[in-house]
Amino acid sequence: MTPEELSAAISACLSQAVAAGEIAVEVPDTVRVERPKSREHGDWSTNIALQLGKKASMAPRDFAAMLVRRLSEVEGIGGVEIAGPGFLNITLDTAAAGELARTIVEAGDHFGHNQALTGHVVNMEFVSANPTGPLHIGHTRWAALGDAIARVLRASGAQVTSEYYINDAGNQMNVFARSVYNRMHGLPVPEGGYPGEYIKELADIVLAQAPELAEQDEETALPKLRELAYTAQLADIKSTLADFGVNFDVFFSESALHDGGAVADAVARLREQGHIFDLEGAVWLRTTDFGDDKDRVLIRANGEPTYFAADAAYYLSKKDRGFSEKIYLLGADHHGYVNRLKAIAACAGDDKEANIEVLIGQLISVNGAKLSKRAGNIIELRDLINWIGADALRYSLARYPADSPIALDPEQLKKNTNDNPVFYVQYAHARSFGASANAQAKGVTRESFDASLLTDPSENELLAVLGQFPSVVAGAAQSREPHRIARYLEQVAGAYHSWYAATRVTPLGDGPVEEVHHTRLWLNDATTQVLANGLSLLGVSAPERM
RNA sequence: GCCUCUGUAGCUCAGUGGAUAGAGCGUCUGCCUCCGGAGCAGAAGGCCGAAGGUUCGAUUCCUUUCAGGGGCACCA
């Protein structure tokens, strides 16, 4: 019996009691069941009687007593006790609890999938680093976390498109091109230009493709140089992301918005909506009507559209493409954008609470220094991957909530590789995988299964932890917090290691293979499955040996 | 000044309107003649930044306050 099934059973009892006229209260959609810290409080507990007692004008303990009578009749429930002010402590029959092992193995890769977000059509935009330099550590957090969120949302039934917005328009591209040009000719970095070593590499790549650029003056060379350098840089970004296990569904070009007339069109549409005004030659969007602290310019007095205008056009594109929820994952340095992005949504006639969601991730600091490609002291994502591996990096970024600031010391991270929790989890997977193979070599099989034999306390604990996976996934999806998966996996690994130390899947020595060994193989393999499914949601590999 | 995030064990950080607040690292004690010891069992270590409020119950929600990070462009 899974916690969900137990929860449903309690709801059913409540509904029956209402129907029978024993209580008069609105039955909540779901009843929360929790794993009590102490085993003395049963396998699962609920505080539903405390919550509903008052609403039903009953003493919580009387309400609880009513529920106990009905719950005790439910198949699979071994006992129900009232504790304290009205907690219900529920103990499952061993067999009902153990049945979960078979449920998981049979569900396979699908175990953990749920319907919490079925029907949601979501656009998730993240990373969106400027194509003027390589991805660096500042981009890695959302790359890891954003991709994990996309996976978790999909597992919860949402239809998700992940998107990378390429800021390939505006003056920065010219500065970028001039930086490459200057480097090519041994000139100093231009004012406000990019100094990093990668500029030299780009210059070499560009020259290899178009040697004639070396002979041309800046004005002649720039357009083609710009195009080639941009293409090379974007290709580098894409390949780094791929090595990190992050594959976007869509790469969306900002300049395409300008060239295709989408920006002008967006301004016209917003004007129709009545949120535009003209002042001192510029065109403004009245974002203050929707919570922004100042109005924003869309078209400058000189006729050029602002970056914000492209943002508006981009939002409308997402809306036109049918996404009911647009999620933006931004760094804390963009926190000032939240209100104006939401104002765009509202100006476009959307609900700024339901149709747009802006998540702010705190920045990662490295040795206390801020990183900037302009300053040239970047730590590249590719280097980090090479140093500590994509798995360890993704996991260590995914195990913290986005709003907690983390300070990474690359040297420390590299040194502490063996202390990284990812190894604890991956090791549990490898160990359970190996244990299964060994057991089967000794004649243990999954041909028979008797759930009532899983009586060891460590088995009760492991089963309880495994059973929580679907609700953990659903919770992670709804809260956009994939770190819950990581923390949960650490719990699973811990429960597995304890179980492994307490029981045996393979008989001791030359002992006979008994029914209990066959049954434990199911539990072992169920654990392997949950660990693999969970790691997959984080984009981390589940090795069969280490 | 305004907005926002953070403050929990020596360190890095989880966590919840409920029963005894957790993990890893570090420290200390045990456990390899047998399925992977990259592991297990146990010990020590806490004014959940501070003060008010809501509640039967607050570390959790609200207000104030102190401390730290980040942000406040007709840049992109």
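A, B, ... follow the sequence lines: proteins, then strands. Residue 1 opens every chain. Just so it is clear, the structure is predicted and the values come from calculations on it, not from any experiment.
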Just how far, in rounded Å, is C1' of B:rG22 from NE2 of A:His483?
13 Å
By a 5.5 angstrom centroid cut-off and a 30 degree plane limit, is there stacking between A:Tyr424 and B:rG24?
no
Under the side-chain contact (heavy atoms from CB on, under 4.5 Å) test against A:Asp292, which residue among A:Ile344, A:Thr287, A:Val338 passes?
A:Thr287
Quick one: classify the glycosidic conformation of B:rC32 as syn or anti, with syn meaning within 90° of 0.
syn
Does the separation of the ring centres of A:His334 and A:Tyr337 fall below 6.0 angstrom?
yes
Using Watson-Crick or G-U wobble pairs with both distances under 3.5 Å, give me RNA chain B in dot-bracket, 5' to 3', with [ ] for crossers and | for pairs to another strand.
(((((((..((((....[...)))).(((((.......))))).....(((((..]....))))))))))))....
Report all interatomic pairs (protein N or O, nucleotide N or O of nucleotides 10-13 of chain B) with separations under 3.5 Å.
{"unit_1": "B:rC13", "atom_1": "O2'", "unit_2": "A:Arg487", "atom_2": "NH2", "d": "3.0"}

Test the A:Arg296-A:Trp284 pair against the cation-pi criterion, namely NZ or CZ under 6.0 angstrom from the six-membered ring centroid and within 45° of the ring axis.
no
Check: A:Tyr314 ring centre within less than 6.0 Å of A:Tyr165 ring centre
yes
Check every strand shown and say whether A:Lys294 touches a base, only sugar-phosphate, or nothing at a heavy-atom separation below 4.0 Å.
sugar-phosphate
Does A:Ser436 reach the side chain of A:Gln440, with side-chain heavy atoms less than 4.5 Å apart?
yes
Which of B:rG36, B:rC34, B:rC74 is nearest the side chain of A:Leu508? It is B:rC34
Select one nucleotide: of B:rC72, B:rG69, B:rC74, the one nearest the side-chain heavy atoms of A:Ala301.
B:rC74
Would you kindly give the CG-to-C1' distance between A:Asp293 and B:rC72, to the nearest whole Å?
7 Å
So if I take every side-chain heavy atom of A:His335 and compare against B:rC74, B:rC3, B:rA76, which nucleotide ends up nearest?
B:rC3
When A:Asn130, A:Leu202, A:Leu225, A:Asn171 are each screened for side-chain contact (heavy atoms from CB on, under 4.5 Å) with A:Phe176, the one that passes is A:Leu202
For residues A:His429 and A:Tyr496, establish whether the separation of their ring centroids is below 6.0 Å.
no
List in chain and number order the residues that pass side-chain hydrogen bond (donor to acceptor under 3.5 Å, both in side chains) with A:Asn89, two or more places apart in sequence or in another chain; answer none if no residue qualifies.
none
Comparing nearest nucleotides in RNA chain B, the 5'-proximal residue of the pair A:Leu50, A:Arg545 is A:Leu50
Geometric cation-pi criterion, A:Lys342 with A:Tyr328: 6.0 Å, 45°:
no
Of all the nucleotides listed (B:rC35, B:rC40, B:rA19), which has the minimum atom distance to the side chain of A:Ser498?
B:rC40
Hey, which sits more toward the 5' end of RNA chain B by its nearest nucleotide, A:Tyr337 or A:His497?
A:His497
